[in-house]
2 protein chains.
Amino acid sequence: MPVKVRIADVAAAAGVSTATVSRALSSPDVVGAETRARVMAAVQATGYRINAAARDLRQQRARSILVLAPNLANTFFSRIIAAVQEVAGQAGLAVQISDSRTDPDLLQSLGHNGRADGILLLDGALPPDLVRGWRLPVVQVCEWNDAYEVPSLRIDNAAAARMAVAHLRDLGHTHLLHVAGPADNVLGQTRERGFVDAARAFGLGATVLPGDFTMASGARSARAWAEMPDRPSAAFTASDECAFGFISECNRMGFAVPGDVSVIGFDDVDFAGHFIPALTTIHQPRARLGRQAAERLVSALGASERLTHEQVIIDPNLMIRASTAPRT
Amino acid sequence: MPVKVRIADVAAAAGVSTATVSRALSSPDVVGAETRARVMAAVQATGYRINAAARDLRQQRARSILVLAPNLANTFFSRIIAAVQEVAGQAGLAVQISDSRTDPDLLQSLGHNGRADGILLLDGALPPDLVRGWRLPVVQVCEWNDAYEVPSLRIDNAAAARMAVAHLRDLGHTHLLHVAGPADNVLGQTRERGFVDAARAFGLGATVLPGDFTMASGARSARAWAEMPDRPSAAFTASDECAFGFISECNRMGFAVPGDVSVIGFDDVDFAGHFIPALTTIHQPRARLGRQAAERLVSALGASERLTHEQVIIDPNLMIRASTAPRT
DNA sequence: CTGAAAGCGCTTACAG
DNA sequence: CTGAAAGCGCTTACAG
């Protein structure tokens with residue numbers, strides 16, 4: 001069997017034209033039964049596999065979507081990407097991944113190089129001109145940026161912060177700490193604003209420490225918290241990672257969670273329920289977000305639809321576990 | 001500016017042939033200075049971007065590598081994949097990801113469809129015929145399967161198990177538990193055999209419970225352990241996840257780690273050092289594994305080299321943290 | 001140094 | 001129902 005079998009080889013073997021082979025494969029019903037059988041036999045005999053690259057060039061599509069994320073090593077994305085791959089795969093689309101924090105020129109070319117039909121964007125901090133310059137459908141997930149004027153799908157981050165604050169108030173806490181996300185990140189900003197607004201609305205004391213979603217920033221905040229003269233009895237962190245860092249450092253310093261301080265995280269990563277103590281946190285339905293965003297993109301591709309600036313906001317869920325307790 | 005600019009548009013604008021535009025872009029030195037300037041100006045003016053799909057078809061390569069993993073949602077892979085993407089990106093290659101547990105027919109076509117130049121395989125349980133049927137360079141990482149006859153890169157899993165056993169022996173433990181990985185997985189098998197052999201060599205008691213790398217299997221094993229008449233004072237689990245599940249369940253049942261039982265995991269996932277207690281575990285250098293495997297593949301692609309069945313085995317590291325302690 | 005032409009491997013109007 | 005031919009957007013021997 002030759003290493004490389006082209007459609008012409010099959011055509012020769014079956015004694016038909018390449019056009020007929022192509023049709024027998026892509027729209028069998030349009031080909032005579034006897035001819036089709038001969039073609040199929042030739043396909044079997046030669047071990048022919050269609051060359052997708054050639055077909056795609058001819059059909060002017062890539063049958064591929066590009067997932068662009070700010071940090072592919074971030075485990076938060078893995079479930080989202082897995083869900084995207086599943087949906088795309090079922091639609092016959094390949095999934096390409098790339099880091100969105102790379103050379104802007106290269107980034108720009110991604111929307112013009114003919115290798116992707118659409119882009120799933122997990123980053124809200126790219127230059128708007130860059131995103132608008134792409135001549136490809138774009139759907140944004142988790143993060144968002146109104147200047148892009150693309151559809152976006154996410155949970156209601158402000159409402160989530162409100163739920164966290166309400167839960168702590170219900171437990172009797174009157175002075176709350178927030179370890180914020182990065183100041184230049186839309187998620188960090190929105191969660192912080194949600195926290196501050198809710199605390200004010202409930203008439204609670206509110207202190208905000210800067211952070212960046214990492215365990216290190218959580219640990220740092222725990223040390224800052226320990227030094228405060230009037231320590232808040234509860235903390236809401238902008239991410240689970242940050243909460244883990246905060247709690248670990250509390251433990252190291254001899255403080256108990258939730259005994260000395262209640263802690264609420266954000267994301268509900270796989271690990272949150274198995275941390276000790278099991279982490280009370282805001283659930284982000286990552287598989288659902290990935291699936292739904294991919295479905296939106298796939299359906300837009302199928303319909304050659306021009307995407308609008310629609311915003312889909314999903315209600316958050318608070319997972320109440322063991323890291324929060326009534327104020328003592 | 002037209003939405004779609006082709007090389008012919010640039011050629012027309014510059015008053016040259018498409019061949020000259022192509023050359024001005026890919027090998028500028030071969031084109032006259034004045035001509036080159038005209039072409040570049042035309043490229044600027046039209047906003048031309050090369051169509052990679054067309055170039056790749058003509059050059060008979062895909063400029064893309066495919067990463068195939070058994071479970072893309074598994075956070076263990078994220079760092080590996082990120083490293084792969086980084087190396088590939090620097091070499092001008094795109095990265096495509098796909099689930100290796102999918103329709104075999106589709107899987108087979110991945111090696112023949114012209115959309116990837118090489119495959120990075122994170123799965124050792126695919127049918128050997130399938131893998132050998134791919135007419136593309138394949139490099140395997142973490143898992144391996146000699147029947148594939150492809151290069152493989154991994155840590156020495158048996159030696160790692162030996163190190164874990166030696167550490168526990170040094171702490172005075174004489175009866176050890178192993179929570180195994182899946183029986184049909186080469187990693188699970190190798191770690192278990194390493195454990196059993198080392199325990200025998202050291203003259204230690206050894207009990208093995210079945211598992212599958214998951215937290216659930218760790219928790220299940222903890223319950224089984226608690227019921228044992230003569231409980232081992234130390235456990236070595238086939239994965240960190242499993243260790244987390246084991247420890248959490250111990251806590252739930254009122255046992256202390258490492259007070260009542262020392263625990264060693266495997267992988268050193270991001271989280272291991274921040275678990276409470278910080279987990280003693282075998283470190284897998286995931287970024288290095290991903291980087292090195294990608295480099296191997298990229299260099300093979302560049303040299304059109306036929307890959308051999310070379311095996312690169314990296315020495316493991318034991319990270320001693322707080323989940324192991326002397327036998328009391 | 002530059003251009004005309006062929007060709008990568010397909011698909012798809014257009015005829016018949 | 002089938003085939004000849006054009007063409008997707010490039011690159012690259014081959015001439016000149």
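Below, each value reflects all heavy atoms present in this structure, side chains not excepted, and no hydrogens, waters or symmetry copies. Lettering follows sequence order; numbering is per chain, from 1.
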Quiz prompt | Pairs meeting criterion side-chain hydrogen bond (donor to acceptor under 3.5 Å, both in side chains) with involvement of residues 294-303 of chain A, two or more places apart | solution = A:R296-A:S299, A:R296-A:E305, A:R296-A:E310

Exercise. Report yes if at least one side-chain N or O of B:S17 is closer than 4.0 Å to OP1 or OP2 of C:dA4; otherwise report no.
Key: no

Quiz item: If we take the C1' atom in both C:dG16 and C:dT12, what is their distance in whole Å?
Solution: 16 Å

Quiz prompt | Range-with-range stems of DNA chain C (Watson-Crick or G-U pairs under 3.5 Å, three or more in a row) | solution = C:1-3 with D:14-16, C:5-12 with D:5-12, C:14-16 with D:1-3

Quiz item: Taking only residues two or more places apart in sequence, or in another chain, which ones meet B:R23 in a salt bridge (charged side-chain N to carboxylate O under 4.0 Å, His left out)?
Solution: none

Quiz prompt | Partner residues of A:D123 under the side-chain hydrogen bond (donor to acceptor under 3.5 Å, both in side chains) criterion, sequence neighbours left out | solution = A:S100, A:R101

Quiz item: Partners of A:D267 by salt bridge (charged side-chain N to carboxylate O under 4.0 Å, His left out), sequence neighbours excluded?
Solution: none

Can you check nucleotides 6-10 of chain C for protein contacts, nitrogen or oxygen pairs under 3.5 Å, and list what you find?
from	atom 1	to	atom 2	distance (Å)
C:dG7	N2	B:R58	NH1	3.4
C:dC8	O3'	B:Q60	OE1	3.2
C:dC8	O3'	B:Q60	NE2	3.1
C:dC8	O2	B:R58	N	3.3
C:dG9	OP1	B:Q60	NE2	2.9
C:dG9	N2	A:A54	O	3.2
C:dC10	OP1	A:Y48	OH	3.1
C:dC10	OP2	A:I7	N	2.7
C:dC10	O5'	A:Y48	OH	2.9

Practice problem: List for me each residue that meets salt bridge (charged side-chain N to carboxylate O under 4.0 Å, His left out) alongside B:D146, sequence neighbours excluded, and say none if there are none. | Solution: none

Quiz prompt | Non-hydrogen side-chain atoms of B:L122 and B:V67 separated by less than 4.5 Å | solution = yes

Report, one pair per line, the protein and nucleotides 13-16 of chain C atoms (nitrogen or oxygen only) whose separation is under 3.5 Å.
from	atom 1	to	atom 2	distance (Å)
C:dA13	N6	A:R23	NH1	3.4

Quiz item: Can you tell me how far P of D:dC1 sits from CG of A:D29, to the nearest Å?
Solution: 9 Å

Quiz prompt | For B:R291, all residues meeting side-chain hydrogen bond (donor to acceptor under 3.5 Å, both in side chains), sequence neighbours excluded | solution = none

Practice problem: Return the set of residues passing side-chain hydrogen bond (donor to acceptor under 3.5 Å, both in side chains) with A:R288 (not counting sequence neighbours), or none when no residue passes. | Solution: A:Q292

Please list every donor-acceptor pair under 3.5 Å in which a side-chain atom of residues 74-91 of chain A meets a protein atom from a residue at least two apart or in another chain.
from	atom 1	to	atom 2	distance (Å)
A:N74	OD1	A:F76	N	2.7
A:S78	OG	A:T75	O	2.9
A:S78	OG	B:A73	O	3.4
A:R79	NE	A:D270	OD1	3.0
A:R79	NE	A:D270	OD2	3.4
A:R79	NH2	A:D270	OD2	3.2
A:Q85	NE2	B:S98	OG	3.3

Quiz item: For A:S64, which residues count as a side-chain hydrogen bond (donor to acceptor under 3.5 Å, both in side chains) partner, sequence neighbours excluded?
Solution: none

